[in-house]
Trainee: 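Please see the structure below; I have some questions.
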Amino acid sequence: MIFFRGLCFGWISYCSLTFEIKRHSLMAAMGNTAAKAKYEQKVPAFYYRPTHTDCKLLREQWIRAKYERNEFEFIEKQEPYSAGYREGFLWKRGRDNGQFLSRKFILSEREGALKYFNKQDARDPKAVMKVETLNATFQPAKIGNPCGLQITYLKDNSTRNIFVYHSDAKEMVDWFNAIRAARFHYLQVAFPGASDEELVPKLTRNFMKEGFMEKTGPKHTEGFKKRWFTMDDRRLMYFKDPLDAYARGEVFIGSKENSYTVLAGLPPSTQGYHWNHGITIVTPERKFLFACETEAEQRDWIAAFQRVINRPMRPQEYAVEAHFKHKP
């Protein structure tokens, strides 16, 4: 497996170099503006345009799509992610045993759902993920595969994680953009007056921050336990393991106008923590206590929390906050 992954990364690096050389040659021959007009003339609004901060897979497939496959010159070449229906097999991580097994997936814009089946001939899906709450983000390091994709959706208003990959990089990026297309068309119906520029940022999102912290319980008398945290917009989720299917718990992070605050440090009477760099999140109901291993991690987490707290809440977020307040 390690040897295979090494070959995979090596091939990706080779392809990256080859197409970068080709791209720069084209740029020199045609000029940036002319080349962009030719090779990006029909990029769909929903198609993800990677930046330098995105994973290597996305950046390389963007180059291939433009200069090798000419996908944005000929609309018919966009059918794999533009058709409104996609069916195929992905390697999915098992919820309990952690083993990756081949599973059939179907994405249907008409049904507004992504489904997967445990058996090839199964009539009923194992899970139905509504496009309304669907998100996808590439997580190669976390999943341990250069094509690793994390899919999330809400089940009973709690976040559910699914981890998948495919050996073919184009196949995985096509799935990613097919999900974005389905989300785009759903949002066009849900918000008929919104422009493409308003809708595109809502299609998929990367997590604001992830990493390990320690946490204690609501009474602050329990010992601190190490947990994996994921900051997904206003949802702070914590897991025993980074690849857990379900969060052990979720915390809603509101705005400063609604009495949410983040503080460096822990209350003086706090005991039971092993890491010395504390964070206190104050909400209208209670205080949440966390501890980071390093001062740098503490600063990064506080900055992430502060960005959310400084942002006014949207009307629909009040409904989410109300659900968190009334959780059993």
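The model shown is predicted, which means the values in this text are computed figures rather than measured ones. Counting from 1, the numbers follow the sequence of the chain as shown.
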Trainee: Out of E71, E40, E60, which residue meets the salt bridge (charged side-chain N to carboxylate O under 4.0 Å, His left out) rule with K66?
Mentor: E40
Trainee: Go through the structure and list residues passing ring-ring contact (aromatic ring centres under 6.0 Å, His included) with F176, not counting sequence neighbours.
Mentor: Y48, F138
Trainee: Counting only heavy atoms not in K77 (residues, nucleotides, ligands), do more than 12 fall under 6.0 Å from its NZ?
Mentor: yes
Trainee: Using only heavy-atom distances, determine whether the side chains of Y318 and Q316 contain a donor-acceptor pair under 3.5 Å.
Mentor: no
Trainee: With a cut-off of 6.0 Å (strictly less than), are more than 12 heavy atoms of other residues, nucleotides or ligands near CG of D124?
Mentor: no
Trainee: Does the side chain of H166 pick up a donor-acceptor pair with the side chain of E171 at under 3.5 Å?
Mentor: no
Trainee: Anything under 3.5 Å between a donor and an acceptor, one on a side chain of residues 205-217, the other on a protein residue two or more places apart or in another chain? List them.
Mentor:
from : atom 1 : to   : atom 2 : distance (Å)
R205 : NE     : D232 : OD1    : 2.6
R205 : NH2    : D232 : OD2    : 3.1
N206 : OD1    : T137 : OG1    : 2.8
K209 : NZ     : E297 : OE2    : 3.3
E210 : OE1    : Q139 : NE2    : 3.0
E210 : OE2    : K142 : NZ     : 2.6
E210 : OE2    : W228 : NE1    : 3.3
E210 : OE2    : T230 : OG1    : 2.7
E214 : OE1    : H274 : N      : 2.9
E214 : OE1    : W275 : N      : 3.1
E214 : OE2    : H274 : ND1    : 3.2
T216 : OG1    : E222 : O      : 2.7

Trainee: Centres of the Y165 and F100 rings: under 6.0 Å?
Mentor: yes
Trainee: Within a 6.0 Å radius of atom CD on Q120, are there more than 12 heavy atoms belonging to other residues, nucleotides or ligands?
Mentor: no
Trainee: Between the side chain of D168 and the main-chain N/O of K170, is any donor-acceptor distance below 3.5 Å?
Mentor: yes
Trainee: With a 4.0 Å cut-off on N to O distance, would you call R49 and D54 a salt bridge?
Mentor: no
Trainee: Taking all heavy atoms of F290 and all of I281, pick out the closest pair and write down the distance.
Mentor: CE1-CD1, 3.6 Å
Trainee: List in chain and number order the residues that pass ring-ring contact (aromatic ring centres under 6.0 Å, His included) with Y81, two or more places apart in sequence or in another chain; answer none if no residue qualifies.
Mentor: Y47
Trainee: State, without any angle test, whether R69 and Q61 hold a side-chain donor-acceptor pair at a distance under 3.5 Å.
Mentor: yes
Trainee: Relative to the ring of Y260, is the ring of F252 parallel (under 30°), tilted (30 to 60°) or perpendicular (over 60°)?
Mentor: perpendicular
